[in-house]
Student: 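Here it is, the structure in full.
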2 protein chains.
Amino acid sequence: MEKVTIKDVAREAGVSISTVSNALNDVDVLNPETKSHVLKVAKQLNYVPNLNGKLLRNGKTKMLGFFTTSVSGPYFYKLVESMSRECDRLGYGLNVFVTKDKQVIMSNILGRRVDGVIIYEELRVDEEEIAAMVKDKIKAVFLDRPLKNDTMGSVIFDSFEAGYEATKYLISLGHKKIAYISGVDEMYDSVQRREGYLAALRQYQLPTKEEYIIQGYFEEESTYNAIKSLVHLSSDKMPDAFLAGNDLSAIGCIQALKSHGYEVPLDISVMGFDDIDIAQYFSPPLTTVRNQIARQGILAINHLVRMIQKKEKGEMMKLAGELVVRGSSQVKIDR
Amino acid sequence: MEKVTIKDVAREAGVSISTVSNALNDVDVLNPETKSHVLKVAKQLNYVPNLNGKLLRNGKTKMLGFFTTSVSGPYFYKLVESMSRECDRLGYGLNVFVTKDKQVIMSNILGRRVDGVIIYEELRVDEEEIAAMVKDKIKAVFLDRPLKNDTMGSVIFDSFEAGYEATKYLISLGHKKIAYISGVDEMYDSVQRREGYLAALRQYQLPTKEEYIIQGYFEEESTYNAIKSLVHLSSDKMPDAFLAGNDLSAIGCIQALKSHGYEVPLDISVMGFDDIDIAQYFSPPLTTVRNQIARQGILAINHLVRMIQKKEKGEMMKLAGELVVRGSSQVKIDR
DNA sequence: CATTGCAATGAAAACGCTTTTATGTTAATT
DNA sequence: AATTAACATAAAAGCGTTTTCATTGCAATG
């Protein structure tokens, strides 16, 4: 079975190439007998259409691209898996490119290997470059920044709201000295969560002290160290609750507190964001704000496909987080 | 900037199409001046080669496919991320297909959208179908089953050895009644781990009781329930150690034991396989056998690319696991 | 009987590229 | 001066499709 092309099928069936093509693509112009005969021959020869030929001809690759730089962790697989499934459902394939190489990105995008792209987070493509992409009619959906115009949309989490709600929850437990463990300042989610936190504090007229915003960089270890340098505070200056930028950070925070004799949540409440797998297994189980990552992936793919197929314009969608209360937070006890 | 093709560049530069092609592809037959002029024009027009045209012409897509059915969990992202990076390094892209639809698989493979494929785990393609693929010169690397011939190779974990070593470790702690919590019987890893377990027991002349092999299906909940129905055993019949088929299973096991008043590891040692993220954060932290998933991905991609580019034959590679001792196991104490 | 209309099929162009082969020019050799 | 060699560039073929347009045969129409 060497590579068998449409030409072989045509020859074998004793018809022209166009007839074979029509038969295979179900174009209703053929004599039913001819059609079934052609199909029989095609099957018999194990014919499978060469997709490249097809693509070249009609300009559509039926492929979507997912471009990202370094990604890791649960976010990644939940996203990729949900997007991949959704692509499958819609008759597309998914190209995953984990790269920082702009050349790779550009040649794949502009080289028309994909019909549209999903772009995630840390990939800092300059705005001008995005504009360049767009001009060339490629549709894009961003997962990390709010954006919306004719050819580009976004599906993001409402991190401001999440930060706001989380803080409100901590306040409702009776906490008054709430610290925020910041993530990476260049990231949209990090900034938004902090803004939400500050907004809640202001609303309830709690002080927004400079020293209650701690750099944790979204990492366990950085946070651990940052908290370590806090624990010498006299107990009346010590925060009674920590809102960490993400779950990993919350874990680092708890580890540090534990190692200095604080009990969580007895002495101090701690919560995070994301609800990663570890959150529910950690001890104490983490109170957190869950993001529906799979849903984000599904929405993004659907939006992208609609932009491609139905020429819809880009939209911006915000997904609400969901407060998940577990064991790392509790009502403030004065003792 | 509408789509600009090689033809436009040729016209604009006042040369023929072939000259442009030669200039772009660095074929050293041109007058240096012509070449640099062409390149200048190309850049000026923002020309990017259409990859489909290229591919169709020379029959290589520079794309590898990763086919799998339902996958989830840490295994997935570690694999995809490492493979994706390695692809990038080697100048390939990675197509991820999460699908059970054989039609999708076949048309993408045989439709030559990829130069080679990685196939993972639960994807049960019948042997005849594999043969069909192979005949058609597609190269494949399997991650879930030992296999090796001219066009197909595999990179798998040495799960027999892992099971054997894990059991030996438990024996070395003084445990005598060691139970195995089995995974899914159709899976290679599951079976191999069990065989390794049995081999170790035999070697140390410990009994291999039927009732010490428990079905856990690689899941937390199933295992939890299975263990629940064990705990009524009189304490002299109760195992003093559990070797779970994977970490999730180990967690389910520990939860069940805890809920019946057993202390892990004081009363009973438990260990798992994989070393998933959760393992080190669980309480008690899990003793387990780590698989180097990223390494598996990297090896698989490299092997595949060598098969494609250097016409190497398929090989079978086995990766050794690594015993990670944490808090869920300890020396047997009689009390 | 000549024209028209229709149904079925085939021929050929086009998609964008690479590569083989052909062409034309100039320099080197006899 | 005539042939050859070397070089630079152009033309054309081909990759595997789809699709437009042309062709054929035949029944229906005037």
Side-chain angles (χ1 to χ4, degrees), chain A residues 2-39 41-42 45-63 107-115 136-137, chain B residues 2-39 41-42 45-63 107-115 136-137:
Chain A
E2 278 308 298
K3 33 173 102 177
V4 26
T5 74
I6 200 173
K7 213 185 277 181
D8 301 314
V9 179
R11 183 170 18 76
E12 196 67 21
V15 297
S16 75
I17 290 179
S18 30
T19 299
V20 176
S21 177
N22 283 330
L24 292 169
N25 293 299
D26 226 23
V27 179
D28 205 11
V29 292
L30 295 182
N31 184 325
E33 285 176 28
T34 318
K35 180 170 163 182
S36 67
H37 173 231
V38 169
L39 291 180
V41 172
L45 293 182
N46 275 319
Y47 170 73
V48 180
N50 179 316
L51 296 176
N52 293 323
K54 212 165 188 160
L55 306 183
L56 178 55
R57 168 64 216 206
N58 52 25
K60 297 276 167 263
T61 65
K62 283 289 186 175
M63 279 278 159
S107 73
N108 277 287
I109 292 181
L110 301 181
R112 294 187 181 63
R113 208 200 282 254
V114 293
D115 294 343
D136 211 294
K137 288 239 209 46
Chain B
E2 279 309 297
K3 34 173 103 177
V4 27
T5 74
I6 199 173
K7 212 187 275 180
D8 301 314
V9 178
R11 183 169 19 74
E12 196 66 22
V15 297
S16 75
I17 291 179
S18 32
T19 298
V20 176
S21 176
N22 284 330
L24 292 169
N25 294 298
D26 227 25
V27 179
D28 205 12
V29 292
L30 296 182
N31 184 325
E33 285 176 27
T34 318
K35 180 170 164 182
S36 67
H37 174 233
V38 169
L39 291 180
V41 173
L45 294 181
N46 276 320
Y47 170 73
V48 181
N50 178 314
L51 295 177
N52 292 323
K54 213 164 188 162
L55 307 182
L56 179 55
R57 169 64 217 209
N58 52 26
K60 297 275 166 263
T61 65
K62 283 287 182 176
M63 278 280 162
S107 74
N108 277 288
I109 293 181
L110 300 183
R112 294 186 180 64
R113 207 199 283 255
V114 292
D115 294 342
D136 212 294
K137 286 240 208 47

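Letters go in sequence order (proteins before strands), and every chain restarts at 1.
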Student: I'd like to check B:R57 versus A:L56 (side-chain heavy atoms, cut-off strictly below 4.5 Å). Are they in contact?
Tutor: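 B:R57 vs A:L56: side chains apart.
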
Student: For a quick check of understanding: with a heavy-atom distance under 4.0 Å over all strands, which category does A:N25 fall into, base, sugar-phosphate or nothing?
Tutor: sugar-phosphate

Student: Give the rounded distance in Å between these two atoms: CG of B:L110 and P of D:dT17.
Tutor: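 These atoms are roughly 12 Å apart.
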
Student: Taking NZ from B:K60 and C1' from C:dT18, how many angstroms apart are they, rounded to a whole number?
Tutor: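 After rounding, the reported distance stands at 14 Å.
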
Student: What contact category does A:L51 fall into here, base, sugar-phosphate, or nothing, at under 4.0 angstrom with non-hydrogen atoms?
Tutor: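 Counting heavy atoms under 4.0 Å across all strands, no contact is made by A:L51.
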
Student: Which nucleotide in the list D:dT17, D:dA10, C:dG16 gets nearest to the side chain of A:Y47?
Tutor: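 The listed nucleotide nearest to A:Y47's side chain is D:dT17.
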
Student: Which part of the nucleic acid does A:V48 contact within heavy-atom distance under 4.0 Å: base, sugar-phosphate only, or nothing?
Tutor: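 Answer is sugar-phosphate: A:V48 comes under 4.0 Å of backbone atoms only.
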
Student: Side chain of A:T19, heavy atoms from C-beta onward: which of C:dC17, C:dT9, C:dA14 has the nearest atom to it?
Tutor: C:dT9

Student: Which nucleotide wins on minimum distance to the side chain of B:L56, given the candidates D:dC15, D:dT18, D:dA10?
Tutor: D:dC15

Student: Cut-off 3.5 Å, no hydrogens considered: what does the side-chain donor-acceptor table look like for residues 19-28 of chain B, sequence neighbours left out?
Tutor:
residue: B:T19; atom: OG1; partner: B:S16; partner atom: OG; Å: 3.1
residue: B:S21; atom: OG; partner: B:N25; partner atom: ND2; Å: 3.3
residue: B:N22; atom: ND2; partner: B:S18; partner atom: O; Å: 3.3
residue: B:N25; atom: ND2; partner: B:S21; partner atom: O; Å: 2.9
residue: B:D26; atom: OD1; partner: B:K35; partner atom: NZ; Å: 2.6

Student: Keeping B:N52 on the side-chain end and A:R112 on the backbone end, is there a donor-acceptor pair under 3.5 Å?
Tutor: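 Yes, because the side chain of B:N52 sits within donor-acceptor range (under 3.5 Å) of the backbone of A:R112.
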
Student: Mind calculating the distance between CD1 (A:I6) and P (D:dT19) to the nearest angstrom?
Tutor: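 One finds 11 Å between P of D:dT19 and CD1 of A:I6, rounded.
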
Student: Which is true for B:V27 with a 4.0 Å heavy-atom rule: it touches a base, it touches only sugar-phosphate, or it touches nothing?
Tutor: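 Here B:V27 touches no strand at all.
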
Student: May I have the distance from A:K7 (atom NZ) to C:dA12 (atom C1'), rounded to whole angstrom?
Tutor: 13 Å

Student: Determine the minimum heavy-atom distance between A:L51 and B:R113, stating which atoms define it.
Tutor: CD1-NE, 3.4 Å

Student: Rounded to whole angstroms, how far apart are CG on A:N31 and C1' on D:dT24?
Tutor: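 It works out to 15 Å between those atoms.
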
Student: For a quick check of understanding: with a heavy-atom distance under 4.0 Å over all strands, which category does B:T5 fall into, base, sugar-phosphate or nothing?
Tutor: sugar-phosphate

Student: For the residue pair B:H37 and B:L30, establish whether any side-chain heavy-atom pair is separated by less than 4.5 Å.
Tutor: no

Student: NA contact type, B:L55, heavy-atom cut-off 4.0 Å: base, sugar-phosphate, or nothing?
Tutor: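 Counting heavy atoms under 4.0 Å across all strands, no contact is made by B:L55.
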
Student: Does D:dT18 have OP1 or OP2 sitting under 4.0 Å from an N or O in the side chain of A:S21?
Tutor: yes

Student: Compare side-chain N and O positions of A:T34 against OP1 and OP2 of C:dT9 and report whether any pair is under 4.0 Å apart.
Tutor: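 It does, given that an N or O in the side chain of A:T34 lies less than 4.0 Å from OP1 or OP2 of C:dT9.
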
Student: Separation of B:N58 atom CG from C:dG16 atom C1', in whole Å?
Tutor: 12 Å

Student: Can you tell me which nucleotide in C:dT18, C:dA14, C:dA12 comes closest to the side chain of A:R57?
Tutor: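 Of the candidates, C:dA14 comes closest.
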
